[in-house]
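All chains are named by letter (A, B, ...) in the order of the sequence lines, taking the proteins before the strands, and each is independently numbered beginning at 1. Worth knowing before you read on, the calculation uses all heavy atoms, side chains too, and leaves out hydrogens, waters and symmetry mates.
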Protein chains: 2
Amino acid sequence: MTTIYEVAKKARTTSGTVSRALNNKGYVAEETKRKIERVAKRLNYTPHFLARSLRTKKTDIIAVIIPNIANPIYPEIIRGIQDKAHELGYQVLISNSDALPEREIELLTIFSQKRVDGIFLGTGEGAENKKIREKIKKLSEAGIKLVVGGFIKDKLPTDSLSIDNFQGAYEVTKHLLNLGHNKIGFISGPKNARVAQERQKGYRAALLNHNILYHDGLVAYGNFQQESGYTLGKDFLQREKAPSAIFAANDVMAIGVILAAEELGRRIPEEVAIAGFDDITWASIIRPRLTTVSQPKYEVGSLAAEMLIQRINEENNRTFQRIILKPKVVIRESTLNQEKK
Amino acid sequence: MTTIYEVAKKARTTSGTVSRALNNKGYVAEETKRKIERVAKRLNYTPHFLARSLRTKKTDIIAVIIPNIANPIYPEIIRGIQDKAHELGYQVLISNSDALPEREIELLTIFSQKRVDGIFLGTGEGAENKKIREKIKKLSEAGIKLVVGGFIKDKLPTDSLSIDNFQGAYEVTKHLLNLGHNKIGFISGPKNARVAQERQKGYRAALLNHNILYHDGLVAYGNFQQESGYTLGKDFLQREKAPSAIFAANDVMAIGVILAAEELGRRIPEEVAIAGFDDITWASIIRPRLTTVSQPKYEVGSLAAEMLIQRINEENNRTFQRIILKPKVVIRESTLNQEKK
DNA sequence: GAAATTTGAACAACCGATTTTACAATTATG
DNA sequence: CATAATTGTAAAATCGGTTGTTCAAATTTC
C-alpha cells in the first residue's frame, strides 16, 4: 500500500502539502496540486483510514443494535438505515442483542471502544433499565451520539424515535370491540419489553373506554416468536369459554395464532378474529390476510439514520428530539370478512 | 478518555510497560503488573481501538456484502455470520449491493479502505464478472481475506461456499416430472445472476434426462421479487396451453405464483403444482405449504464466518477451499396433496 | 519603495497505541 | 567468582495520516 510519504517524495514535496492538496485545505498552488493529484493517481494512493480516523476522531461508521435481525420487522428498518447512511457516506455495523439488557450494554461498550461515530439502539427493555441509562450518559460524554428507537420514555437523555404503540393497540382493540367482541385475548411480549407493555396499555385503555372489565386471565405473555403465538393461541382457543378475538402484540405471534386456529378447525374471523401489530410483509400474504397496525418501517429506518447523522455532524448540541409516529390500523380478513358484506 | 500514558504516569512507569502488562507480553514483574492493572481499572482505561489497529494492522471487523437484506433468505444467513463472528471477537459491517456488479466493486473498495480484516461477498453476478475478479486479486494483495458465497466458479482465487444449486433444481424438477408433469414452467432470476443460471441448468438437465424437450417459451426471467413471480406466474397460467407445474428459482417468486394461482382460482396442486427454492420460513406457513429446496441458512452463515476468520488468522496461505453443500428437497402440499393419499 | 498582507510549502508535533532497542539489575552456570 | 543468561523497564521508533508553526517569497497597500 502506498503511503502519503511516497506520494510526497515522488511529487517532490512533503506529506503536509499532499494532505492539504488532496483535501482542498489551506494554500496549495494550482500547479503543485495538479502534480500531487497525478502522482497520487499513478501510485494508486488512498489514505489509510485508521491513521486518518485516529487524527480526525471520525470513523464514518455507525452501529445498529437490534434484538434480532431474523425478526421480520427489522430487515426493512435496517435497509432504510443502510440506504440513508450510505447516501451520507457512512458504513453500518449491525449486532443482535436478543433484547437482553446485559447484551445491549456489552454491545454499547464494544461499539464505543471501536469509536463508531454514532449508535442506533433499537429497543428491548431499553432505557427503562438503569444500567442502560448510565451507559447512555457515558457514551454521551465520550462524544458518541445515540438515537434510541422503538419506544418512548420521558426525559430520555438522547434523541428518540418510535411509533405510538399505545395508540396503535388502542385502535385495533377498539376495532375489535366495535365488531362486537367483548372477550378479547391479548398475547403480550416478554414482561420487561417496553413495546409490549405499551401495547398492552393501549389494549387495556380501549377495554376500559368500552366499559369492559380488564381481566388478567385474558392476557398471556409470549416472546414475540411464532411458536409462542401458536402455543398461547391454542391455549386460549381450547378454553371452555374461549375469547372470540385474539390480539397479539406482534404479527409473528398473530400468525402463530392463525396456525393454531387453523389446526383446531376454527373459522377466522367467524369463530375467532385475529389481529397483530407491525404489518410485516407476510401479514398480507397469509390467508386470511391479517388485520394489523402498520408502521412505515423503511422510512423509520431512514429517518433514524438521518437523525443520528445530523446529530453527529453538529457541534453545539441541540435539545433532544423525540419523534412519535402515528400508527395506522389496516383492516383485513382476519377480523372482518369483506366478502360477506 | 484516559490514555495509556496517564495510566503509566499514575503507575509510575511508562507506556511500553503498561502495554506489555495488559497484553501479557514480554517480561513484567508480578508486582508492577498488578499495580498497572489496578490503576487501569481505577481510571477506567480502555485502549484506543484506532491507535491499536493502526499499529497491529487488525481491526477485528469483517464486512458482509449481500444483494438485499430485505430478501428473506438473508436475515438468517446474516444471523449465522454475526453469531459466529461475535463469538470469535469480530464485529460485522453489512451492506447491500442490490446484486449490481458496480455496487459490489464500490463496496469492496470502501471496505478495503476501511481496513476490515475480511469480507464475505454474497453473490450477485459475482466472480463471473471480470472487474470483480480483478478486484478480488487486489484485495488479496492488500492482505484482506475474502470468502465468496452463493455460487461456485472453477478456479476462483478465494475461498468459496455454496449449495449445489444445480443439484437442487435438478431434483425438484425431477420430483415434478415423476408426478407426471411434462410441461413445467420455470421462472428464473435476472439473466446475469449466477445462482439463477445454475438452477436453470438443473431444471434443463432434469428435463433432458426425462427425454423432454427444453423449450424457451417455458422459461421466464424475473428478478427474485414476489411481484415478478406473481406477474410471470399469471402470464403462464393464462396461456392457452398453460404448464401444469411451475418451478420458480426462489421461494419469494414461488409465493407470487401461488397468489396468482389463487387469484385465478386455480387449485394447487391439482390444476397447477408449484415449487420454489430456498425454504424460507414462510414457505411452510403459506397455504398450500410450498415444496422447495432447503438450505441450512443459519449454518451456512456460521460456516462462512468461520472460514473467513480462520483464513484471517493464519499467515501461511493454504490453498483455497471450495465447499459445496448438498441441498435437500422438501416436498409439501403445493406439489403433492398428501391429504388425498 | 517600505511596510503590511497574502500565499506557498517545509518542518515538526500530534493522534494513542505497540514494538524494538538498549541497558541495568538479577540469577544461573561452569 | 567471573561470565553468561535471564528479567525488568525506560526510551525511542513506528503505524500513516492531519494540523499548527514557521518562515520565505510574492503580492498588495499606503
- Would you tell me if any nitrogen or oxygen in the side chain of A:K57 comes within less than 4.0 Å of OP1 or OP2 on D:dT18? no
Under a 4.0 Å heavy-atom cutoff, the residues of residues 22-29 of chain A touching DNA chain D are A:N23, A:K25
Residues passing the salt bridge (charged side-chain N to carboxylate O under 4.0 Å, His left out) test with B:R38, sequence neighbours excluded, are none
_What contact category does A:S19 fall into here, base, sugar-phosphate, or nothing, at under 4.0 angstrom with non-hydrogen atoms?_
base
query: Okay, side chain of B:T17, backbone of B:T13: is any donor-acceptor separation there less than 3.5 Å?
result: no
Contact check, residues 107-116 of chain B vs DNA chain D, heavy-atom distance under 4.0 Å, returns none
| said: Just to be sure I understand the rule, does B:T13 reach a base, reach only the sugar-phosphate, or reach nothing, if contact means heavy atoms closer than 4.0 Å? | reply: sugar-phosphate
Does B:S302 reach the main-chain N or O of B:K84 with its side chain, forming a donor-acceptor pair under 3.5 Å?
no
| query | Checking all strands, does A:T14 fall into the base, sugar-phosphate, or nothing category for heavy-atom contacts under 4.0 angstrom? | reply | base
By nearest-nucleotide position on DNA chain D, the 5'-leaning member of A:R20 and A:Y5 is A:Y5
Exercise. Salt-bridge test for A:D60 and A:R52: reply yes if a basic N is under 4.0 Å from a carboxylate O, no otherwise.
Key: no
With B:T158 as partner, the option from B:V148, B:I119, B:L139, B:L121 fulfilling side-chain contact (heavy atoms from CB on, under 4.5 Å) is B:V148
Contact check, residues 31-56 of chain B vs DNA chain D, heavy-atom distance under 4.0 Å, returns B:T32, B:L54, B:R55
Rounded to 10°, the angle between the first-five-pair and last-five-pair axes of the helix from C:dG1-D:dC30 to C:dG30-D:dC1 is 40°
Comparing A:E30 with A:S15, nearest DNA chain C nucleotide closer to 5' gives the residue A:E30
What donor-acceptor contacts under 3.5 angstrom involve side-chain atoms of residues 39-46 of chain B, with partners at least two apart or in another chain?
none

